[in-house]
Amino acid sequence: FLRRALETIEKHLPELEFDVERLAQELAVSRRQLFRKLRAVTGVTPNVLIRNVRLHRAAQLLKSSAMTVSEITFAVGFSDLKHFRTVFREHFGVLPGDYPKRAG
């Protein structure tokens, strides 16, 4: 179930409107069942899982591509650069622009 959920999130990563409702539809489960299953397997809510997958993909792109932080922000499904910077820093402890140097 987790593998299918992660594959589905990856498939829809650049879509700004991809959310828990769409994830539940794609996995053919109710929203409530999705919360229950993902919470049991991962310990996090579907919203947090989607955000974490987006952040980890952004980190990969920051290390391995020549894309700008703005381009990566939109490529991984965030619509607001300021919000992206904030959640990236909360998750990784460093701003996106400094991540390649630190992770290097």
Linked, directly or transitively: V53 and L2 (ILVMFWY side chains, under 4.5 Å):
yes
Is there a side-chain contact (heavy atoms from CB on, under 4.5 Å) between F18 and I9 once you walk through the steps?
CA-CA 8 Å; F18 185 75; I9 294 168; 4.1 Å; yes
Nearest-0.5 Å distance that lies between atom CZ in F1 and atom CD in Q33:
7.5 Å
Which heavy-atom pair separates L16 from S79 by the least distance, and what is that distance?
CD2-N, 3.8 Å
Walk me through it: do Y99 and H91 pass the test ring pair (Phe, Tyr, Trp, His ring centres under 6.0 Å)?
CA-CA 11 Å; Y99 183 79; H91 191 80; 9.8 Å; no
For A5 against L23, the heavy-atom pair lying closest together
O-CD1, 4.0 Å
Would you say V29 and F35 make side-chain contact, with heavy atoms under 4.5 Å?
no
Would R22 and Q25 count as having a side-chain donor-acceptor pair, cut-off 3.5 Å?
no
Check E15 against H12 and note the closest heavy-atom contact, atom names and distance.
OE2-ND1, 2.8 Å
So that I can tick it off, tell me whether D98 and K101 are bridged by a salt bridge, with the cut-off set at under 4.0 angstrom between side-chain N and carboxylate O.
yes
Nearest 0.5 angstrom please: L13 CG to I50 CD1, how far?
10.0 Å
Charged N to carboxylate O under 4.0 angstrom, R3 versus E7?
yes
Can you tell me how far apart CZ (R32) and CG (L34) are? Round to the nearest 0.5 Å.
13.0 Å
Is the shortest heavy-atom distance from the side chain of L38 to the side chain of V44 under 4.5 Å?
no
Closest heavy-atom pair and its distance - M67, A75:
CE-CB, 3.8 Å
Spacing of CZ belonging to F74 relative to CG belonging to D80, to within rounding of 0.5 Å
7.5 Å
Output, in order, the C-alpha distance, side-chain angles, deciding distance and verdict of side-chain contact (heavy atoms from CB on, under 4.5 Å) for L62 and F88.
CA-CA 12 Å; L62 285 165; F88 192 94; 3.6 Å; yes
Look at R4 together with E26 and state whether they make a salt bridge at an N to O cut-off of under 4.0 Å.
no
Taking CZ in R89 as the centre, count heavy atoms belonging to other residues, nucleotides or ligands within less than 6.0 Å. Is the count above 12?
no
Shortest non-hydrogen contact between L81 and S70, atoms and distance:
CD2-OG, 3.6 Å
Approximate separation, where rounding is to 0.5 Å, of I72 CD1 and L61 CG
5.0 Å
To the nearest 0.5 Å, what is the distance between CD (E90) and CZ (R51)?
7.0 Å
